[in-house]
Amino acid sequence: MKLHTLEGYIQQIHLVEEGDKLLLLDGCSRADVDNVCRFIREELGRPLSHLSVIVVTHMHPDHAGGAHKLRSISGARIAAHPKARNWYAGLAGRSAHAIDVALTWWVANRLGKPKKHIWYNPLLRPDILLTDGQRVPEFENWKVYFTPGHTDHDLSVMHMPSQRIYVADLMVKVKGELVPPYPVCHPNQYKRSLKTVRALKPASVLFAHVREQAGAGIDFDQVLQHAPTLPKNHWHSTRNRISRKLGLNEKQH
C-alpha cells in the first residue's frame with residue numbers, strides 16, 4: 001500500500017495505491033477534481049479508470065464536493081454511510097448546505113486561496129453503503145468505523161496491516177493543539193467516537209486538516225476535555241446570539 005497526500009483547496013487529500021487500483025479516502029471539494037485527475041495521470045502515470053472507490057466520510061463541501069464529478073470522469077464507485085444521503089435534505093438542509101459552502105470560501109480566503117467553483121449536488125447518490133465494522137469493497141485491508149458527532153454520519157477508515165486510520169474532521173488543530181471541530185452536532189456521540197479511536201490504539205492518525213501524527217502522541221483526554229456538552233453548529237449559534245440579544249440567557253432576578 002502506498003499513500004499519497006495532496007494539498008487540496010482547504011484540506012489534505014489522501015489517495016491510496018493498492019495494486020492496479022486507487023482508493024480516495026474522501027470526496028474532496030469540487031475545486032480539487034482537476035488536481036486529483038492531474039496527479040493520477042501525470043504523477044502516477046495511471047488512467048483515471050484505476051480510481052475504483054471514493055469514500056465520502058461526511059457531506060461537507062471539502063469532503064463530498066468532488067465525489068459525483070470524479071465518479072462521472074473515472075467510473076469509480078462512491079461509498080458512504082446510509083445517513084449521508086439525507087444530511088442536506090429539505091429546506092433546512094439546503095440552507096445548511098449554502099452556509100457550509102460559504103464557510104468553505106471563508107476558510108479559503110483565510111488561507112489566501114482564491115474563490116473557486118465549489119458548488120455541488122447536496123444530495124449524495126452513493127453506490128456503496130458502509131456501516132461500522134465493514135471492509136471497503138475492493139480494499140479489504142481497510143476497515144470502516146462509524147465515528148459520528150461532527151455530523152450524524154461520519155466515517156473513519158483504518159488500514160489494518162499498518163494501523164493507520166483516517167479520521168477526517170474528528171479533530172482539528174487550533175494554536176498548535178488538537179481540539180474538536182466546528183460544528184459538533186452531536187456532543188455525546190462525538191465523545192464516544194473519540195473514545196472509539198483511542199481504544200483502537202492506532203499507530204498513526206491521518207486528518208483532513210492536520211498533518212499525520214503518531215497515535216501515541218495524541219492526547220485524547222485533552223480533546224475530550226474540550227468537547228462541548230451542547231451542540232455547536234449554525235442553528236444553535238444563531239439561536240444563542242438571538243437569545244443574548246433579547247436577554248433570554250440572563251438570570252431572572
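Owing to the predicted nature of the structure, the values given are computational and were not obtained by experimental measurement.
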J.: Does one side chain, of Gln12 or Glu7, offer a donor that lies under 3.5 Å from an acceptor on the other?
T.: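 Result is no, nothing qualifies.
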
J.: For the side chain of Glu43 and the backbone of Ile40, is there at least one donor-acceptor N/O pair under 3.5 Å apart?
T.: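 Checked: no pair found.
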
J.: Got a salt bridge between Arg46 and Asp20, using NZ or NE/NH1/NH2 to carboxylate O under 4.0 Å?
T.: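 Here Arg46 does not pair with Asp20 in a salt bridge, since their nearest N and O are not under 4.0 Å apart.
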
J.: Please check if any side-chain donor atom of Gln11 sits under 3.5 Å from a side-chain acceptor atom of Asp26, or the reverse.
T.: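 Side chains of Gln11 and Asp26: no pair found under 3.5 Å.
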
J.: Can we say Lys2 and Glu18 salt-bridge, meaning some charged N sits less than 4.0 Å from an Asp/Glu carboxylate O?
T.: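 Salt bridge absent between Lys2 and Glu18.
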
J.: Can we call the ring centroids of His153 and Trp87 under 6.0 Å apart?
T.: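 Under 6.0 Å, so yes.
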
J.: For this output row, return yes or no: ring centroids of His150 and Tyr190 closer than 6.0 angstrom.
T.: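 His150 vs Tyr190: aromatic centres not under 6.0 Å.
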
J.: Is there a donor-acceptor pair under 3.5 Å between the side chain of Asp32 and the backbone N or O of Ser29?
T.: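 Answer holds: yes.
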
J.: Between Pro122 and Met59, is any pair of side-chain heavy atoms under 4.5 Å apart?
T.: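 Side chain of Pro122 against side chain of Met59, heavy atoms only: no contact under 4.5 Å found.
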
J.: Would you find a donor on one side and an acceptor on the other, under 3.5 Å apart, between the side chain of Arg94 and the backbone of Leu91?
T.: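 Flag not set: sc Arg94 to bb Leu91 has no pair under 3.5 Å.
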
J.: Any carboxylate oxygen within less than 4.0 angstrom of a Lys/Arg side-chain nitrogen, looking at Lys21 and Glu138?
T.: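 Salt bridge between Lys21 and Glu138, a charged N being under 4.0 Å from a carboxylate O: yes.
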
J.: Please tell me whether Asp62 and His209 have a donor and an acceptor in their side chains that are separated by less than 3.5 angstrom.
T.: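 There is such a pair (donor and acceptor under 3.5 Å, judged by atom type) between the side chains of Asp62 and His209.
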
J.: Tell me yes or no: between the side chains of Asn121 and His68, is some donor less than 3.5 Å from an acceptor?
T.: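 Note: Asn121 and His68 side chains miss the donor-acceptor criterion.
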
J.: For the residue pair Asn35 and Tyr9, confirm or rule out a side-chain donor-acceptor distance under 3.5 Å.
T.: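 Checked: Asn35/Tyr9 side chains show no N/O donor-acceptor pair below 3.5 Å.
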
J.: Where is the tightest heavy-atom contact between Lys173 and Val210, given as atom of each residue plus distance?
T.: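 The answer is N-CG2, 3.6 Å.
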
J.: Can you tell me if Asp169 and His60 form a side-chain donor-acceptor pair at under 3.5 Å?
T.: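 Not at all, the side chains of Asp169 and His60 share no donor-acceptor pair under 3.5 Å.
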
J.: Indicate yes or no: at least one non-hydrogen side-chain atom of Val53 is less than 4.5 angstrom from one of Phe139.
T.: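 In short, these two side chains touch, coming nearer than 4.5 Å.
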
J.: If you measure only the distance, is there a donor-acceptor pair under 3.5 Å linking the side chains of Thr5 and His14?
T.: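 Yes.
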
J.: Verify whether one side chain among Asp154 and Thr57 offers a donor that lies under 3.5 Å from an acceptor in the other.
T.: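 Asp154 vs Thr57: no donor-acceptor pair found between side chains.
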
J.: Mark yes when over 12 heavy atoms from residues, nucleotides or ligands other than Leu111 sit less than 6.0 Å from its CG; otherwise mark no.
T.: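 Counting neighbours around CG of Leu111, more than 12 heavy atoms of other residues, nucleotides or ligands fall under 6.0 Å, so yes.
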
J.: Using 30° and 60° as the class boundaries, would you call the ring planes of His97 and Trp119 parallel, tilted or perpendicular?
T.: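 Taking Trp119 first and then His97, their aromatic rings stand perpendicular (interplane angle over 60°).
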
J.: For the CZ atom of Arg30 and the OG1 atom of Thr104, what is their distance to the nearest 0.5 Å?
T.: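 The distance works out to 14.5 Å.
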
